[in-house]
A.B. asks: 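The structure under discussion is supplied below as structure tokens; questions concerning it will follow.
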Amino acid sequence: MTRPYNFSPGPAALPEPVLRRAAEEMLDWHGSGVSVMEMSHRGKEFMSIYAATLASLRALLAVPDNYKIVFLQGGAIGENAIVPMNLLRGRTRADYVNTGDWSRRSIAEAARYCTVNVAASAEANGFTAIPPQREWQLDASAAYVHICSNETIIGLEYHWTPDTGDVPLVADMSSDILSRPLDVSRYGLIYAGAQKNIGPAGLTIVIVRDDLLGGALPTTPTAFDYTVQAANDSMINTPPTYAIYVAGLVFDWIAAQGGLAAMAERNRAKAELLYGCLDASGFYRTRVVAADRSLMNVCFHLPDPALDADFLAGAREAGLLALKGHRIVGGMRASIYNAMPVEGVRALAAYLRDFETRRS
Ligand SMILES: *Cc1c(COP(=O)(O)O)cnc(C)c1O
């Protein structure tokens with residue numbers, strides 16, 4: 001069976017070898033006689049899966065010893081509230097940088113817990129460029145500075161790490177975590193929903209520096225208290241066991257590909273291929289400035305939205321799925337996370353050229 005290329009923004013494609021392995025192990029995990037879905041989260045089988053998954057993630061990202069990794073639920077949208085609950089630590093203000101719809105949603109949620117200072121906004125440039133740090137109006141009394149490292153909807157990505165001095169930097173990395181090597185020590189906290197570049201929906205990963213723990217608001221739900229979860233192997237409630245297992249298979253797959261440096265090289269090559277094709281055309285249009293283009297979500301428009309339906313139908317026929325852009329921005333979006341092979345991007349580039357020739 002050959003599968004189509006799936007450009008879904010999320011939940012997104014998983015590496016085919018991972019799906020095959022999960023299928024092979026579905027009914028009987030390693031001779032246990034049961035599926036991972038049917039095991040006690042506290043039994044020795046699942047505990048071994050959990051420990052291996054955590055260790056693989058720690059190794060891939062070279063997470064320093066003074067950081068905890070917790071596996072939660074609630075997604076990045078949950079974290080929009082859980083982060084201020086845990087990180088305000090008696091302060092009343094937090095800095096947020098607004099680079100698009102996901103940061104806007106983080107800001108709206110945080111404003112329920114603290115005074116939000118929008119330190120910089122890309123609104124003035126129509127969300128086509130990341131505001132350079134020299135323009136940021138940071139507040140020295142802020143509990144933290146929050147960014148969204150990749151705006152999944154518009155395809156706007158940081159290719160540099162902000163320097164926020166002693167104020168902890170917090171990043172929503174839902175759509176670009178594990179796409180490249182990362183210096184975790186530059187951040188106070190990193191969070192990501194799993195369903196873009198890690199595994200199935202339902203798992204949320206939080207990486208947090210030790211000194212930021214211990215100060216959660218007293219009203220923080222226990223299941224969302226990083227300190228409590230970190231001290232209990234993220235098992236104060238039943239964790240999303242199957243999602244953790246599949247994430248572990250993905251981490252092993254990434255390591256087998258050569259780790260994050262190899263991923264970064266592949267992702268750069270894929271994005272260059274696609275943007276190169278779009279730039280060479282007089283037909284398709286992109287909006288984001290070249291320096292801040294996302295390597296994960298390649299957004300573009302056809303010259304007339306009336307062509308969109310034909311474009312998408314033809315793409316589907318060519319085995320290229322889920323290219324419709326987010327309803328907020330329209331147009332097209334090709335999400336090319338780690339699991340998208342370069343062959344899929346080549347097939348899309350060929351389709352782009354073909355459609356342009358036929359319709360321009
Ligand atoms: C998908 C996405 C979200 C939303 O995540 P949920 O899992 O639905 O809560 C938030 N932020 C970014 C950057 C995303 O890509």
Side-chain angles (χ1 to χ4, degrees), residues 6-14 70-86 94 96-112 116 121-122 127 130 144-159 161-162 169-180 182 187 189-207 221 223-224 226 234 239-240 242-244 246-247 250 267 271 288 292-299 322-329 333-340:
N6 176 11
F7 294 90
S8 171
L14 286 163
V70 283
F71 291 157
L72 301 179
Q73 297 174 69
I77 291 175
E79 290 306 314
N80 285 341
I82 299 165
V83 164
M85 281 182 173
N86 279 272
Y96 278 72
V97 177
N98 179 11
T99 47
D101 202 63
W102 287 122
S103 21
R104 190 183 57 71
R105 289 186 62 164
S106 296
I107 289 166
E109 189 77 358
R112 303 173 66 213
V116 170
S121 173
F127 297 104
I130 308 265
Y144 58 88
V145 181
H146 180 284
I147 63 166
C148 174
S149 59
N150 182 56
E151 289 282 357
T152 321
I153 293 175
I154 48 179
L156 186 64
E157 186 175 20
Y158 284 79
H159 297 290
T161 308
L169 179 62
V170 173
D172 175 358
M173 293 198 183
S174 294
S175 52
D176 66 350
I177 192 166
L178 300 181
S179 67
R180 55 185 173 185
L182 181 67
Y187 298 83
L189 185 146
I190 291 164
Y191 64 89
Q195 72 272 23
K196 279 51 181 275
N197 212 17
I198 294 176
L203 168 64
T204 314
I205 286 174
V206 176
I207 304 171
F224 296 147
Y226 299 144
S234 305
Y242 196 75
I244 290 171
V246 177
V250 172
N267 288 329
V288 170
D292 299 336
R293 282 171 162 175
S294 171
L295 303 191
M296 298 283 100
N297 310 99
V298 178
C299 297
L323 288 163
K324 192 174 166 48
H326 193 281
R327 64 193 142 71
I328 296 176
V329 287
R333 168 173 53 173
S335 296
I336 51 173
Y337 304 116
N338 288 348
M340 175 58 63

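Small disclaimer: the values here were computed from a predicted structure and weren't measured. Atoms within each ligand, like the ligands themselves, are counted from 1 in listed order.
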A.B. asks: Does any N/O atom on Ile77 come nearer than 3.5 Å to any N/O atom on ligand 1?
C.D. replies: yes
A.B. asks: Is a side-chain donor or acceptor of Asn98 paired with a backbone partner of Gly100 at a separation under 3.5 angstrom?
C.D. replies: yes
A.B. asks: Please check this pair: side chain of Asp172 against backbone of Ser103, looking for a donor-acceptor N/O pair closer than 3.5 Å.
C.D. replies: no
A.B. asks: Look at atom 4 (C) of ligand 1 and say which protein heavy atom is nearest, naming residue and atom and giving the distance to 0.1 Å.
C.D. replies: Trp102 CH2, 3.5 Å
A.B. asks: Would you check if Leu182 and Met173 make a side-chain contact, meaning some heavy-atom pair closer than 4.5 Å?
C.D. replies: yes
A.B. asks: Using a heavy-atom cut-off of under 4.0 Å, does the side chain or the backbone of Glu79 touch ligand 1, or both, or neither?
C.D. replies: neither
A.B. asks: When rounded to the nearest 0.5 angstrom, what distance separates SG in Cys148 from CG in Asp101?
C.D. replies: 9.5 Å
A.B. asks: What part of Thr152, side chain from CB on, backbone N/CA/C/O, both or neither, has a heavy atom under 4.0 Å from ligand 1?
C.D. replies: side chain
A.B. asks: Give the atoms of ligand 1, by number and element, whose distance to some non-hydrogen atom of Ser174 is under 4.0 Å.
C.D. replies: 11 (N), 12 (C), 13 (C), 14 (C), 15 (O)
A.B. asks: Who's the nearest protein heavy-atom neighbour of atom 5 (O) of ligand 1, and how far?
C.D. replies: Ala76 CB, 3.7 Å
A.B. asks: Report the part of Pro9 in contact with ligand 1, treating N, CA, C, O as backbone and CB onward as side chain, heavy atoms under 4.0 Å; options are side chain, backbone, both, neither.
C.D. replies: neither
A.B. asks: Counting heavy atoms only, which part of Gln195 comes closer than 4.0 Å to ligand 1: side chain, backbone, both or neither?
C.D. replies: side chain
A.B. asks: Please check if the side chain of Ser149 supplies one atom and the backbone of Tyr158 the other of a donor-acceptor pair under 3.5 Å.
C.D. replies: no
A.B. asks: Do the side-chain N and O atoms of Ser179 and Asn267 include a donor-acceptor pair separated by under 3.5 angstrom?
C.D. replies: no
A.B. asks: Looking only at protein heavy atoms, which one is nearest to atom 14 (C) of ligand 1, and how far off is it?
C.D. replies: Lys196 NZ, 2.9 Å
A.B. asks: Mind checking whether Asn150 has an N or O less than 3.5 Å away from an N or O of ligand 1?
C.D. replies: no
A.B. asks: In ligand 1, which numbered atoms sit nearer than 4.0 Å to a non-hydrogen atom of Ser175?
C.D. replies: 15 (O)
A.B. asks: Going by atom types alone, do Tyr337 and Asn297 pair a side-chain donor with an acceptor below 3.5 Å?
C.D. replies: yes
A.B. asks: Gly75 heavy atoms, cut-off 4.0 Å: which ligand 1 atoms fall inside?
C.D. replies: 7 (O), 9 (O)
A.B. asks: Give me the ring orientation class for His146 and Tyr191: parallel if the planes are under 30° apart, tilted from 30 to 60°, perpendicular past 60°.
C.D. replies: tilted
A.B. asks: Please name the pair of heavy atoms, one in Gly202 and one in Pro240, separated by the smallest distance, quoted to 0.1 Å.
C.D. replies: O-CG, 3.4 Å
A.B. asks: Specify the protein heavy atom at minimum distance from atom 11 (N) of ligand 1: its residue, its atom name, and the distance to 0.1 Å.
C.D. replies: Asp172 OD2, 2.7 Å
A.B. asks: Any atom of ligand 1 sitting under 4.0 Å from a heavy atom of Cys148?
C.D. replies: yes
